[in-house]
2 protein chains.
Amino acid sequence: MAVRGAEPGVIWARPERAGRGPKPAFTRADIAAEAVRIADAEGLDAVSMRHVAAGLGCGTMSLYNYVPRKEDLYELMVDAVSAEHELWEPTGDWRADMMRVAGQTRELMRRHPWLPRLMSPVYGFSPHALRYLEHCLACLDPMDASYGTKFELIAMLNGVVTTYVRNEIDSAERVRNLPWSEEREQAVRLAYLGGQVASGVYPRLAEAFTQDAGPIDMEAVFRRVLERVLGGFASS
Amino acid sequence: MAVRGAEPGVIWARPERAGRGPKPAFTRADIAAEAVRIADAEGLDAVSMRHVAAGLGCGTMSLYNYVPRKEDLYELMVDAVSAEHELWEPTGDWRADMMRVAGQTRELMRRHPWLPRLMSPVYGFSPHALRYLEHCLACLDPMDASYGTKFELIAMLNGVVTTYVRNEIDSAERVRNLPWSEEREQAVRLAYLGGQVASGVYPRLAEAFTQDAGPIDMEAVFRRVLERVLGGFASS
DNA sequence: AGCGCACTACGTACGGTGTACGTAACTAAT
DNA sequence: ATTAGTTACGTACACCGTACGTAGTGCGCT
């Protein structure tokens with residue numbers, strides 16, 4: 001009888017293929033690809049064990065031979081798309097390089113809108129994540145700082161990008177999924193907000209809302225915020 | 001017959017009490033408090049409509065009179081604990097004040113470890129969130145910047161704190177929940193990581209791991225990172 | 001005063017989820 | 001050839017969110 005999930009931790013630690021029984025019908029890559037396909041097409045919530053198994057053309061429980069828990073399936077997915085990170089020869093300008101890294105991460109998340117929800121530093125040690133980390137460190141070679149500081153910078157940058165893109169995506173998705181129209185939703189929200197602000201309890205918010213009427217250039221905000229973060233690290 | 005969820009958006013827009021029928025048995029605050037109690041005691045996953053209803057001593061479906069969708073229950077929870085934010089008279093030193101805000105947010109999230117998972121800027125307009133925002137703006141009065149920049153700063157700070165605390169909590173929770181021992185888990189992870197790093201494909205990672213042997217002072221890291229972010233905004 | 005209606009309350013039911021467990025087929029090592 | 005470890009997968013369980021129907025309640029209007 002199989003060990004059935006008694007093994008600890010990291011899925012990457014166990015060999016993909018055990019020597020003994022009949023040869024597996026799928027690779028981890030197959031499974032990850034199918035899960036990613038589903039998530040891209042129908043959203044993360046559509047990624048269920050049954051659904052993925054059906055997509056692969058096998059029984060639901062067969063999946064558990066490859067993936068001990070659903071969490072591990074998520075980990076496979078994150079690793080799979082992390083492979084899309086394009087790596088390049090560092091230019092020597094670490095700030096520019098890190099900006100480029102951030103931009104790529106952002107593009108990655110836009111291609112796979114479910115990524116931010118799964119991004120957690122706990123998943124930080126998959127093979128492709130290691131490649132990515134090494135690449136970041138290479139870009140940071142010219143930076144005069146300890147590895148500790150560099151890790152802080154990388155974690156920070158990832159965190160900021162994740163948070164930022166998550167906002168973008170979540171609001172967009174929420175608007176798309178709601179049954180009533182976007183205008184109706186926005187009208188209700190604005191009416192409520194206006195009412196609250198008009199109460200006089202929030203004078204600064206009130207002032208800000210009369211002031212900031214124009215639409216905001218998200219692209220510019222993104223770049224500016226990142227520049228600031230990098231600036232914070234450069235000065236030290 | 002009741003309207004049954006055909007109303008759009010924000011739960012805060014609809015009045016807590018309608019004039020017509022029998023008076024509701026609970027307030028939103030009651031419901032939020034119960035949900036928070038459960039989440040604190042048994043984790044966010046234990047917060048189900050059935051569970052909350054049982055805790056309140058009413059039928060499951062009765063909850064839907066107060067809370068159109070589960071997402072709104074989450075929104076109530078976030079607002080409820082946001083009330084714990086202590087507000088003070090700004091000191092005039094906006095960097096110090098914002099550091100204090102961040103520290104409080106962190107404490108809040110440690111008291112309610114499920115908070116980071118629910119924190120999303122989409123929930124940014126609950127009554128207590130507005131209070132919090134106004135307070136931040138008050139702290140930022142001495143800062144020479146547009147409201148746009150100030151909002152960017154606040155969002156950024158929240159994002160960083162959330163990301164940071166989420167790491168702390170998620171890793172802790174993961175370790176606590178796993179059936180095998182922490183040492184075994186860490187041993188497996190380290191063995192795997194060591195093997196990967198020893199392959200020679202990640203020279204910088206290898207160097208970093210031989211170097212950074214000591215335990216890291218999370219408190220110091222937290223403060224340092226925040227200082228950097230604030231520094232990035234101060235210089236502009 | 002009394003009618004009607006908007007509201008509360010709540011049981012039932014449906015379609016979904018993750019996954020524990022039992023069983024049968026298969027193959028590599030002994 | 002035997003056997004032990006693996007793969008495959010169907011069944012079953014305990015949960016989830018919530019659509020819907022129905023009964024009771026009391027405010028607002030006529």
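It should be emphasised that the depicted structure is a prediction, and the values quoted were computed from it without experimental measurement.
In this model, a donor atom of one side chain and an acceptor atom of the other lie less than 3.5 Å apart for A:W114 and A:D40.
Nucleic acid contact for B:Y66: sugar-phosphate only, since backbone atoms but no base atoms lie under 4.0 Å from a heavy atom of the residue. Heavy atoms of A:A25 sit under 4.0 angstrom from primed sugar atoms or phosphate atoms, though from no base atom.
The nearest whole Å value for the distance from the CZ atom in B:F26 to the P atom in C:dT8 is 13 Å. Protein atom CG of B:L56 is 11 Å distant from nucleotide atom P of C:dA9, rounded to whole Å. To the nearest angstrom, P of D:dG5 lies 16 Å from CG of A:N65.
When the shell of 6.0 Å around CZ of B:R106 is examined, it contains more than 12 heavy atoms from other residues, nucleotides or ligands.
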Heteroatom pairs (N/O) under 3.5 angstrom, protein to nucleotides 11-18 of chain C:
{"residue": "C:dT17", "atom": "OP1", "partner": "A:S48", "partner atom": "OG", "Å": "2.8"}
{"residue": "C:dG18", "atom": "OP1", "partner": "A:K70", "partner atom": "NZ", "Å": "2.8"}
{"residue": "C:dG18", "atom": "OP2", "partner": "A:M49", "partner atom": "N", "Å": "3.1"}
{"residue": "C:dG18", "atom": "N7", "partner": "A:R50", "partner atom": "NH2", "Å": "2.6"}
{"residue": "C:dG18", "atom": "O6", "partner": "A:R50", "partner atom": "NH2", "Å": "2.9"}

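Annotation for B:A208 and A:F151: closest pair CB-CE1, 3.7 Å, computed over non-hydrogen atoms. Between A:I154 and A:C136, the closest heavy-atom pair is CD1-CB, 3.5 Å. In terms of heavy atoms, B:A102 sits closest to B:F222 at O-CZ, 4.1 Å.
Put simply, the side chain of A:E134 gets close to the backbone of B:L205: a donor and an acceptor are under 3.5 Å apart.
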